[in-house]
Amino acid sequence: MSFTVAIVGRPNVGKSTLFNRLVGKKLALVDDTPGVTRDRRPGDARLMGLTFTIIDTAGLEEADAESLQGRMRAQTEAAIDEADLSLFVVDAKSGLTPVDTDLAEMLRRRGKPVVLVANKSEARGSDSGFYDAYTLGLGEPTPISAEHGQGMLDLRDAIVAAIGEDRAYPEKEDVAVTDVDIPQSSDEGDEDEEPTYDDTKPLRVAIVGRPNAGKSTLINRFLGEDRLLTGPEAGITRDSISVEWDWRGRIIKMFDTAGMRRKARVIEKLEKLSVADALRAIRFAETVVIVFDATIPFEKQDLQIVDLVLREGRAAVLAFNKWDMIEDRQAVLADLREKTDRLLPQARGIRAVPISGQTGWGLDKLMQAIIDTDKVWNKRISTARLNRWLETQQIQHPPPAVSGRRIKLKYMTQVKARPPAFMISCTRSDALPESYTRYLINGLRADFDMPSVPIRIHFRSPDNPFEGKKRRT
């Protein structure tokens, strides 16, 4: 991207709506309630030939530095300092307020280019608010409607004029063109060859848990900076914010999510939107870290979150946070291990790591557990090994007999990874009991070293060519 743009303004002027319009997706939560956005969210924007990084920010308000609004303001000011250009959004429908005047003065002091944007200009009676924007002393306002997409051409022209054509349209490097047919490498190899794990590919990790478990603090400690808004208040995070950093030469893309309470307690529309955003982050991630509060672990909601992650087929790691507040660590650790095995039988062998997001203790072990779990999640086993294993399993524990005829498991192959899924061809697949499926899954975990990830087994019976045909007499 050639340059970075921050969207700033007071609460509820339409900053997140404009952000969604520029990135072409509904990434940021939008609601009529002021102050929905709290963290700064980056995105890749496209605007009629322009490509740049856009940052959505919290509404700027005058507040004490230690308060939640004050910490939100600090995040927005950090985004302004990071950006090359600011889009200062005002509400043409409701007109200017003293807060707008103060923000204009703050932006002037920064000495960076500013484009004044008069949003909601399609509304009846917005002309007076539009002309009032001239009094801010930031040049001619650009009238737009972020909700309806009006005025985007004028906005592009204003951005180009403020940032300069050289930065707005950087020259593209020449790309060599050849007419030589280069054969593509095939992903399909010998079925007896098991592909190696690619430890150079970026890894997507979602951090989930109950409110106030310390998810944002944990990510800030990973980054080494106060990138995400934190504090003693529960439920600060609303949007699922993604951040990237390099860990031992590998790009990690981590998603902070809103705290997930029990469904019966989620009443407000905004919290429902936040939880839905967290669920999308889980589905997009490869590995999910479920953060437990070590001082009050294994609440009912904790168990439901783990079950949700496994049902979605994600690789899961447990992080027992706030370990710095535990006194008798050995006794508590033994108790946590016992409860993990007993309360989460569907996640047998799941990796659990005690950590402290506040001090940074245990974070290297957590990252190693994430990498190890992702390796298992991506694991592939050759068909030859699987069929030898299946034969051994049937000898040790034969399938049950149904109506006097024993079920036969004939053939087994892995149909996909991420998570590992297998297909077994057998007779009478509909009559095979669930207990025998669990026996096979537990055997796969033990014999192929596949703990902590969901394993799927599908049974298929071959078509009967004589089914539906009448017997001749």
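We use all heavy atoms of the structure for the numbers below, so side chains are in, but hydrogens, waters and symmetry mates are not.
Distance check: Thr392 OG1 to Asp447 CG gives 8.5 Å after rounding to the nearest 0.5 Å. For the atom pair CZ of Phe3 and CG of Leu85, the computed distance is 7.0 Å after rounding to the nearest 0.5 Å. The CG atom of Leu279 sits 9.0 Å away from atom OG1 of Thr257, with the distance rounded to the nearest 0.5 Å. Atom NZ of Lys15 is separated from atom OG1 of Thr17 by 9.5 Å, given to the nearest 0.5 angstrom. Note: Arg314 CZ to Ile282 CD1 = 9.5 Å, rounded to the nearest 0.5 Å. Taking CZ of Phe88 as the start and CE of Met106 as the end, the distance is 8.0 Å to the nearest 0.5 Å.
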Subject >> Ile80/Ile55 under side chain to side chain contact (heavy atoms under 4.5 Å, CB included): CA gap, chis, key distance, verdict >> reply: CA-CA 9 Å; Ile80 295 172; Ile55 305 176; over 6 Å; no

Original post:
Does the pair Ile424 and Phe459 meet the rule for a side chain to side chain contact (heavy atoms under 4.5 Å, CB included), with working shown?
Top reply: CA-CA 5 Å; Ile424 297 179; Phe459 297 93; 3.8 Å; yes

**OP:** For side chain to side chain contact (heavy atoms under 4.5 Å, CB included), just list the numbers for Phe19 and Leu87, CA-CA rounded to whole Å, side-chain angles, deciding distance to a tenth of an Å, and then say yes or no.
**Re:** CA-CA 11 Å; Phe19 174 86; Leu87 297 182; over 6 Å; no

Can I get a per-line list of side-chain donor-acceptor pairs under 3.5 Å for residues 425-438, giving both atom names and the distance, sequence neighbours left out?
{"from": "Thr427", "atom 1": "OG1", "to": "Lys408", "atom 2": "N", "distance (Å)": "3.0"}
{"from": "Ser429", "atom 1": "OG", "to": "Ser461", "atom 2": "OG", "distance (Å)": "2.9"}
{"from": "Tyr436", "atom 1": "OH", "to": "His397", "atom 2": "O", "distance (Å)": "2.7"}

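Under the 3.5 Å distance criterion, the side-chain polar atoms of Arg221 are matched with a main-chain donor or acceptor of Gln358. Side chain of Lys379 to backbone of Phe448: a donor-acceptor contact under 3.5 angstrom is found. The backbone N or O of Phe292 sits nowhere less than 3.5 Å from a side-chain atom of Arg210 that would complete a donor-acceptor pair. Asn119 places a side-chain N or O within donor-acceptor distance of the main-chain N or O of Val13, the cut-off being under 3.5 Å. Distance alone, capped at 3.5 Å, is enough to place a donor-acceptor pair between the Lys112 side chain and the Ala83 backbone. Remark: the backbone N or O of Thr200 is not paired with any side-chain donor or acceptor of Arg250 at under 3.5 angstrom. Not a single donor-acceptor pair under 3.5 Å links the side chain of Tyr197 to the backbone N or O of Asp374. Thr76 places a side-chain N or O within 3.5 Å of a backbone atom of Ala58 that can act as its donor or acceptor partner. Panel note: side chain Asn321, backbone Ala213; a donor-acceptor pair is recorded below 3.5 Å.
Partner of Lys322 under the side chain to side chain donor-acceptor pair (under 3.5 Å) criterion, chosen from Thr359, Thr295, Asp293: Asp293. When each of Ile163, Ile54, Thr53 is tested with Thr4 by the rule side chain to side chain contact (heavy atoms under 4.5 Å, CB included), just one qualifies, namely Thr53.
The minimum heavy-atom distance linking Pro398 with Ile395 is given by the pair CD-O, 4.1 Å. Between Trp377 and Gly313, the shortest heavy-atom contact is NE1-O, 2.7 Å. Considering every non-hydrogen atom in both Gly14 and Ala146, the closest pair reads O-CB, 4.3 Å. The two residues Thr57 and Ala79 make their nearest non-hydrogen contact at CG2-CB, 3.6 Å. Looking at every heavy atom in both residues, Leu363 comes nearest to Ser356 through CD2-O, 4.5 Å. Closest of all the heavy-atom pairs between Val99 and Arg10 is CG1-CB, 3.9 Å.
Contact of the Val8 side chain with the Leu103 side chain is not registered, since no non-hydrogen atoms from C-beta on lie closer than 4.5 Å. Within the 4.5 Å cutoff, the side chain of Phe222 has heavy atoms near those of the Leu366 side chain. Phe422 has its side chain out of reach of Ile441: every pair of non-hydrogen atoms, C-beta onward, lies at least 4.5 Å apart.
With sequence neighbours excluded, the residues forming a side chain to side chain contact (heavy atoms under 4.5 Å, CB included) with Asn442 are Arg348, listed by chain and number. With sequence neighbours left out, Gln346 forms a side chain to side chain contact (heavy atoms under 4.5 Å, CB included) with Asp307, Leu310, Leu344. Residues meeting the side chain to side chain contact (heavy atoms under 4.5 Å, CB included) test with Ala369, sequence neighbours left out: Val317, Arg351, Val353. Applying the side chain to side chain contact (heavy atoms under 4.5 Å, CB included) criterion to Arg460, with sequence neighbours excluded, gives Met423.
Annotation for Arg342: atom CZ counts as buried by contact number, over 12 foreign heavy atoms lying within 6.0 Å. By the neighbour-count criterion of 12 heavy atoms within 6.0 Å, atom CD of Glu338 is densely surrounded, having more than that number from other residues, nucleotides or ligands. For Glu147, the CD atom counts as loosely surrounded, since its 6.0 Å shell holds 12 or fewer non-hydrogen atoms of other residues, nucleotides or ligands. Surrounding CD of Glu312 are more than 12 heavy atoms belonging to other residues, nucleotides or ligands, all under 6.0 Å away. Counting non-hydrogen atoms of neighbouring residues, nucleotides and ligands closer than 6.0 angstrom, the CD atom of Glu391 reaches no more than 12 such neighbours.
By the 30° and 60° cut-offs, the orientation of the rings of Phe320 relative to Phe298 is tilted.
Among pairs with a residue in residues 413-422, those fulfilling salt bridge (Lys or Arg N to Asp or Glu O under 4.0 Å) read Glu286-Arg418, at least two apart in sequence or across chains.
Using a cut-off of 4.0 Å between Lys/Arg side-chain N and Asp/Glu carboxylate O, Arg110 and Asp81 are scored as salt-bridged.
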